[in-house]
Amino acid sequence: KSFVDTVSRFVGNKKAEVIVNSALATREGGFVASGHYKTINRQELYFHKYNQNGQINWIYRTNHDSLFSSSIKSMIELSNGDLIGVGQIKHDNQPKILVVKLSSSGQFQWSSYFNHGIEANKIILVNNNDIMVAGTSNNIKGSLIKLDSGGRELWKKEYPNFRKINSIAQ
(Lines give C-alpha, C1' and ligand atoms only; values in the text may rest on other atoms or scores of the structure.)
Protein backbone atom coordinates (compact mmCIF):
# COMPACT_ATOMS: atom_id res chain seq x y z
CA LYS A 1 0.00 0.00 0.00
CA SER A 2 1.28 3.47 -0.82
CA PHE A 3 1.84 6.21 1.73
CA VAL A 4 -0.96 8.28 0.13
CA ASP A 5 -3.43 5.35 0.24
CA THR A 6 -2.63 4.79 3.89
CA VAL A 7 -3.06 8.45 4.79
CA SER A 8 -6.36 8.65 2.87
CA ARG A 9 -7.68 5.74 4.90
CA PHE A 10 -6.79 7.36 8.21
CA VAL A 11 -8.16 10.83 7.52
CA GLY A 12 -11.52 9.52 6.35
CA ASN A 13 -10.85 9.86 2.60
CA LYS A 14 -10.89 13.66 2.91
CA LYS A 15 -8.43 15.52 0.78
CA ALA A 16 -5.40 15.92 3.03
CA GLU A 17 -1.98 17.40 2.61
CA VAL A 18 0.65 15.26 4.33
CA ILE A 19 3.46 17.24 5.92
CA VAL A 20 6.53 15.23 6.98
CA ASN A 21 8.56 17.25 9.49
CA SER A 22 10.84 14.53 10.79
CA ALA A 23 12.05 11.05 9.88
CA LEU A 24 14.50 8.76 11.63
CA ALA A 25 15.96 5.31 11.13
CA THR A 26 15.01 2.88 13.91
CA ARG A 27 17.32 0.47 15.69
CA GLU A 28 15.61 -2.51 14.05
CA GLY A 29 16.29 -1.21 10.53
CA GLY A 30 12.96 0.46 9.71
CA PHE A 31 12.06 4.11 9.99
CA VAL A 32 9.50 6.46 11.54
CA ALA A 33 8.01 9.55 9.88
CA SER A 34 6.16 12.25 11.81
CA GLY A 35 4.45 15.54 11.10
CA HIS A 36 0.80 16.36 10.47
CA TYR A 37 -2.13 15.79 8.15
CA LYS A 38 -3.67 19.04 6.98
CA THR A 39 -7.29 19.15 5.84
CA ILE A 40 -9.55 22.13 5.24
CA ASN A 41 -10.56 22.48 8.90
CA ARG A 42 -7.79 20.82 10.91
CA GLN A 43 -4.18 19.88 11.34
CA GLU A 44 -3.57 16.56 13.09
CA LEU A 45 -0.26 15.09 14.20
CA TYR A 46 0.86 11.60 13.22
CA PHE A 47 3.65 9.06 13.60
CA HIS A 48 4.03 6.33 10.94
CA LYS A 49 6.36 3.41 11.72
CA TYR A 50 7.66 1.31 8.82
CA ASN A 51 9.65 -1.93 8.79
CA GLN A 52 12.83 -2.63 6.75
CA ASN A 53 10.72 -3.44 3.67
CA GLY A 54 8.83 -0.15 3.79
CA GLN A 55 5.60 -1.72 5.07
CA ILE A 56 3.65 0.09 7.77
CA ASN A 57 3.93 -1.47 11.23
CA TRP A 58 1.60 1.05 12.90
CA ILE A 59 0.19 4.56 12.76
CA TYR A 60 -0.49 6.85 15.69
CA ARG A 61 -2.64 9.96 15.25
CA THR A 62 -4.33 12.25 17.75
CA ASN A 63 -7.89 12.20 16.40
CA HIS A 64 -8.85 15.34 18.33
CA ASP A 65 -11.69 17.64 17.33
CA SER A 66 -11.24 20.39 14.76
CA LEU A 67 -10.83 23.12 17.39
CA PHE A 68 -7.29 21.84 17.97
CA SER A 69 -4.38 21.62 15.57
CA SER A 70 -1.17 19.76 16.29
CA SER A 71 2.07 18.74 14.64
CA ILE A 72 5.30 16.93 15.51
CA LYS A 73 8.51 18.74 14.48
CA SER A 74 11.24 16.47 15.86
CA MET A 75 11.52 13.04 17.47
CA ILE A 76 13.96 10.67 19.11
CA GLU A 77 14.04 6.91 19.66
CA LEU A 78 14.93 5.63 23.14
CA SER A 79 17.13 2.55 23.69
CA ASN A 80 14.02 0.37 24.22
CA GLY A 81 12.45 1.52 20.92
CA ASP A 82 9.96 3.97 22.47
CA LEU A 83 9.58 7.31 20.71
CA ILE A 84 9.33 10.86 22.02
CA GLY A 85 8.18 13.62 19.71
CA VAL A 86 8.02 17.35 20.24
CA GLY A 87 5.92 19.88 18.39
CA GLN A 88 3.04 22.19 18.91
CA ILE A 89 -0.63 22.09 19.74
CA LYS A 90 -2.95 25.06 19.21
CA HIS A 91 -6.40 25.78 20.58
CA ASP A 92 -8.06 29.11 19.74
CA ASN A 93 -4.79 30.09 18.04
CA GLN A 94 -2.90 29.83 21.34
CA PRO A 95 0.24 27.72 20.72
CA LYS A 96 1.67 25.39 23.34
CA ILE A 97 4.63 23.06 23.26
CA LEU A 98 3.53 19.45 22.93
CA VAL A 99 5.69 16.48 23.95
CA VAL A 100 4.34 12.98 23.22
CA LYS A 101 5.77 9.60 24.21
CA LEU A 102 4.74 6.41 22.40
CA SER A 103 5.76 2.82 23.09
CA SER A 104 7.75 0.90 20.47
CA SER A 105 4.42 -0.58 19.32
CA GLY A 106 2.80 2.86 18.86
CA GLN A 107 0.77 2.92 22.06
CA PHE A 108 0.31 6.30 23.74
CA GLN A 109 2.34 6.57 26.98
CA TRP A 110 2.06 10.23 28.01
CA SER A 111 1.95 13.80 26.76
CA SER A 112 2.95 17.15 28.24
CA TYR A 113 1.87 20.67 27.29
CA PHE A 114 3.73 23.86 28.12
CA ASN A 115 2.17 27.30 27.71
CA HIS A 116 5.34 29.33 27.24
CA GLY A 117 4.60 30.80 23.80
CA ILE A 118 7.47 28.67 22.52
CA GLU A 119 7.55 26.93 19.16
CA ALA A 120 9.48 23.69 19.69
CA ASN A 121 11.91 22.82 16.89
CA LYS A 122 14.21 20.05 18.14
CA ILE A 123 14.42 17.39 20.85
CA ILE A 124 17.39 15.40 22.14
CA LEU A 125 18.01 12.96 24.99
CA VAL A 126 20.66 14.02 27.51
CA ASN A 127 22.28 12.34 30.51
CA ASN A 128 20.09 10.06 32.66
CA ASN A 129 17.24 10.15 30.10
CA ASP A 130 16.36 13.81 30.58
CA ILE A 131 14.98 15.57 27.53
CA MET A 132 16.09 18.89 26.01
CA VAL A 133 13.73 20.87 23.79
CA ALA A 134 15.00 23.76 21.65
CA GLY A 135 12.80 26.38 20.13
CA THR A 136 11.76 29.98 19.71
CA SER A 137 9.98 32.06 22.34
CA ASN A 138 7.44 34.52 20.92
CA ASN A 139 9.43 34.45 17.66
CA ILE A 140 12.07 36.76 19.14
CA LYS A 141 14.19 34.69 21.57
CA GLY A 142 15.80 31.28 21.42
CA SER A 143 14.65 28.94 24.19
CA LEU A 144 15.75 25.71 25.83
CA ILE A 145 13.56 23.62 28.12
CA LYS A 146 14.84 20.66 30.12
CA LEU A 147 12.33 17.91 31.00
CA ASP A 148 12.70 14.79 33.10
CA SER A 149 12.08 11.35 31.56
CA GLY A 150 8.37 11.65 32.41
CA GLY A 151 7.93 14.92 30.51
CA ARG A 152 7.88 17.22 33.56
CA GLU A 153 9.64 20.57 33.22
CA LEU A 154 12.88 20.95 35.18
CA TRP A 155 13.86 24.38 33.87
CA LYS A 156 13.47 26.87 31.01
CA LYS A 157 16.02 29.37 29.70
CA GLU A 158 15.60 32.08 27.09
CA TYR A 159 18.40 33.51 24.98
CA PRO A 160 17.56 37.02 23.68
CA ASN A 161 20.67 37.12 21.45
CA PHE A 162 19.39 34.13 19.44
CA ARG A 163 16.13 34.64 17.56
CA LYS A 164 15.61 30.91 16.99
CA ILE A 165 17.28 27.69 18.13
CA ASN A 166 16.73 25.00 15.50
CA SER A 167 19.23 22.41 16.64
CA ILE A 168 20.99 21.23 19.78
CA ALA A 169 23.63 18.58 20.49
CA GLN A 170 24.94 16.99 23.62
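Values below: every heavy atom of this structure, side chains too, minus hydrogens, waters and symmetry copies.
By the side chain to side chain contact (heavy atoms under 4.5 Å, CB included) test, Phe31 is found to be paired with Tyr50, residues two or more places apart in sequence or in another chain being considered. Among residues two or more places apart in sequence or in another chain, the side chain to side chain contact (heavy atoms under 4.5 Å, CB included) test is passed with Ala134 by Lys122, Leu144, Ile165, Ile168. With sequence neighbours excluded, no residue forms a salt bridge (charged side-chain N to carboxylate O under 4.0 Å, His left out) with Lys157. Checked against side chain to side chain contact (heavy atoms under 4.5 Å, CB included), Asp82 has the following partners two or more places apart in sequence or in another chain: Leu78, Asn80, Lys101, Ser103, Ser104. Taking Asn53 as the reference, Asn51, Gln55 meet the side chain to side chain contact (heavy atoms under 4.5 Å, CB included) condition, with sequence neighbours excluded.
Closest of all the heavy-atom pairs between Asp148 and Asp130 is CA-OD1, 3.5 Å. Closest heavy-atom contact between Ser34 and Met75: OG-CE, 3.5 Å. Across all non-hydrogen atoms, the minimal contact from Gln43 to Ser71 is NE2-CB, 3.7 Å. Shown here for His48 and Tyr37, the closest heavy-atom pair between the two residues is NE2-OH, 2.7 Å. Taking both residues in full, the closest heavy atoms of Glu153 and Leu147 are given as CA-CD2, 3.6 Å, listed atom of the first, atom of the second, then distance.
In this structure, the side chains of Ile84 and Val86 stay at 4.5 Å or more apart for every pair of heavy atoms. Within the 4.5 Å cutoff, the side chain of Phe114 has no heavy atoms near those of the Val133 side chain. Taking the side chain as every heavy atom from C-beta outward, Ile19 and Tyr46 never approach each other to under 4.5 Å. Side-chain contact between Glu44 and His36: absent, with no pair of heavy atoms (C-beta onward) separated by less than 4.5 Å.
Between the side chain of Ser112 and the main chain of Gly151, a donor-acceptor pair closer than 3.5 Å is present. Although no hydrogens or angles enter the test, the distance criterion places a donor-acceptor pair under 3.5 Å between the side chain of Ser74 and the main chain of Ile123. In this structure, the side chain of Tyr60 does not engage the main chain of Ser105 through any donor-acceptor pair within 3.5 Å. Between the side chain of Ser70 and the main chain of Leu45, a donor-acceptor pair closer than 3.5 Å is present.
Rounded to the nearest 0.5 Å, atoms OH (Tyr159) and OG (Ser143) are 9.0 Å apart. Separation of atoms CD1 (Ile131) and CG (Leu125) is listed at 6.5 Å; rounding is to 0.5 Å. Note: Ile145 CD1 to Trp155 CH2 = 9.5 Å, rounded to the nearest 0.5 Å. Asn121 contributes atom CG, which lies 11.5 Å from atom OG of Ser22 (distance to the nearest 0.5 angstrom). Considering NZ of Lys141 and OG1 of Thr136, their distance stands at 11.5 Å, rounded to 0.5 Å.
Among pairs with a residue in residues 21-31, those fulfilling salt bridge (charged side-chain N to carboxylate O under 4.0 Å, His left out) read Arg27-Glu77, Glu28-Lys49, at least two apart in sequence or across chains.
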Test side chain to side chain contact (heavy atoms under 4.5 Å, CB included) on Asn21 and Ile72 and set out the steps.
CA-CA 7 Å; Asn21 290 328; Ile72 294 296; 5.8 Å; no

